[in-house]
2 protein chains.
Amino acid sequence: MKVDGRVERGEQTRRQILRRAAVIASVEGLEGLSIGRLATELEISKSGVFAHFGSKEELQLATVRAAARIFVDEVITPAGAATGLARLERLLDGWLAYSERRTFPGGCFFYSVQAEFDARTGRVRDSIAEFDRGWVELIRTAAADVPDLAADPAQLAFELVAYLQLANARSVLHDDPDVYAHARAAVRAALDRATRRA
Amino acid sequence: MKVDGRVERGEQTRRQILRRAAVIASVEGLEGLSIGRLATELEISKSGVFAHFGSKEELQLATVRAAARIFVDEVITPAGAATGLARLERLLDGWLAYSERRTFPGGCFFYSVQAEFDARTGRVRDSIAEFDRGWVELIRTAAADVPDLAADPAQLAFELVAYLQLANARSVLHDDPDVYAHARAAVRAALDRATRRA
DNA sequence: CCTACCGATCGGTAGG
DNA sequence: CCTACCGATCGGTAGG
């Protein structure tokens, strides 16, 4: 074992690269993310960045994984051990707060890169699609776990996720924070309908 | 006046360039659209493409305008002279059919480029944002013109547009046409609620 | 992690 | 519309 801390510094550099990469990609996309630009911004050499990943595709995949960890920390973990309606509400509120506080400057990282890669093929697209499936499935399952739900969980999940996504999209495109109020009203009304006693 | 048809051929070439540009951009984005690639695919020289626009930004702006004309022809014009609830329904059905039939291979052109440019600055982003404002305003106005509407038109328009956008996004990302059924059910339920007599 | 490269492609220009 | 260029930047490699 080396004791001069070289490995440790290497991992720290890698984390710095990925943090910056996720920030850039949320604005410019994962293709617009260039190794040369990352190197310039982080004040290391281009091959210094390159050596951590071996190819641009691996850099993109590692960036998606890093963004997924941030998403989990900011949206899913805070929902904690809540169950039933409280859990669903916490996940939805958590997502809206995550988008609104601009954890990523271009809004939700996954909205940006999904639209960029949705019509392509390859491992990057696949990893993004898998993340999206997991998120929607999480919301569907949380909806299904609400006692006496008066709605199809999959249909309700579709509608709820639609409100979140449009709020993020329109707030970034129009610099308009008011759309979050529309999204919160829509979520509230949908949950009220779905939990109304027959 | 020239009578050898040179100007006419020039305009035809320009139209061909823009049609191809809109198709490419719906998959690869307006930045991924390169003048060299357009030239290769259309079998003309790179400077032959360039001469029509003078800069990449002008090519991008012309592509947005060309896509807007296609959108109007496919979604808005078919709604014709219908009024009230019928007009709103025709616009929403028309949009879902336009997305589902893949007028653009990457799904709705404007969804793709909005996500690409939403966090940038400049004339291309401004033209895309203006188009989006116009579309949402069209839906809000159509909703407001429904007699005895039992909902806030702006809130209803937000929810309806959200269903359309998520159906497009998820059908492209997951090659899953079933999401259109979710969107149509959500639209139907929202319109039923909004037109229910008190 | 570095310097020093490679071929390919980018947007754009000159001159016709 | 063409050929023939330009400087800049891209992802990636060699060799340390």
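Just so we're on the same page: letters track the sequence lines, and every chain starts at 1. Everything numeric in this text was worked out from a predicted model, so none of it was measured.
Here D/dG12 is the nucleotide among D/dG12, C/dT13, D/dC1 with the atom lying nearest to any side-chain atom of A/Ile35.
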What nitrogen or oxygen pairs link the protein and nucleotides 3-5 of chain D at under 3.5 Å?
from, atom 1, to, atom 2, distance (Å)
D/dT3, O4, B/Ser47, OG, 2.8

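A distance of 7.5 Å separates OG of B/Ser34 from CD1 of B/Ile24, quoted to the nearest 0.5 Å.
Applying the side chain to side chain contact (heavy atoms under 4.5 Å, CB included) test to B/Gln165 and every residue at least two apart in sequence or in another chain returns A/Tyr111, A/Gln165, A/Leu166, A/Ala169, B/Tyr111. For A/Ser26, there are no side chain to side chain donor-acceptor pair (under 3.5 Å) partners two or more places apart in sequence or in a different chain. Remark: A/Phe117 engages no residue in a ring pair (Phe, Tyr, Trp, His ring centres under 6.0 Å) (not counting sequence neighbours). Under the rule for a side chain to side chain donor-acceptor pair (under 3.5 Å), the partners of A/Glu159 that lie at least two apart in sequence or sit in another chain are A/Gln155. For A/Phe158, the ring pair (Phe, Tyr, Trp, His ring centres under 6.0 Å) test picks out B/His182, with sequence neighbours left out. Listed by chain and number, the residues in a salt bridge (Lys or Arg N to Asp or Glu O under 4.0 Å) with B/Arg188 are B/Glu89, B/Asp192 (sequence neighbours excluded).
For the pair A/Phe50 CZ and D/dG12 C1', the computed distance is 5 Å after rounding to whole Å. Regarding A/Leu38, its CG atom lies at a distance of 10 Å from the P atom of D/dC10, rounded to whole Å.
Proximity of residues 51-61 of chain B to DNA chain C (heavy atom under 4.0 angstrom from any strand atom) is restricted to B/Ser55, B/Lys56. For the segment residues 19-33 of chain B, the set of residues with a heavy atom within less than 4.0 Å of an atom of DNA chain C comprises B/Leu33, in numerical order.
Here ring-ring contact (aromatic ring centres under 6.0 Å, His included) pairs that include residues 34-67 of chain A, with residues two or more places apart or in two chains, number zero. Applying the salt bridge (Lys or Arg N to Asp or Glu O under 4.0 Å) test to every pair with at least one member in residues 71-86 of chain A, sequence neighbours left out, gives these pairs: A/Glu74-A/Arg101.
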Apply the test salt bridge (charged side-chain N to carboxylate O under 4.0 Å, His left out) to residues A/Arg133 and A/Glu130: give CA-CA distance (whole Å), side-chain angles for both, the deciding distance (0.1 Å), then the verdict.
-> CA-CA 5 Å; A/Arg133 265 192 300 272; A/Glu130 190 189 345; 5.9 Å; no

Steps toward side chain to side chain donor-acceptor pair (under 3.5 Å) verdict (B/Tyr180, B/Tyr163) | CA-CA 9 Å; B/Tyr180 289 107; B/Tyr163 305 144; over 6 Å; no

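Salt bridge annotation for B/Arg140-B/Glu137: present, with a cationic side-chain nitrogen under 4.0 angstrom from a carboxylate oxygen.
Listed by first residue number, the stems of DNA chain C with at least three Watson-Crick or G-U pairs below 3.5 Å are C:1-16 with D:1-16.
Aromatic ring centres of A/Phe109 and A/Phe71: separated by at least 6.0 Å.
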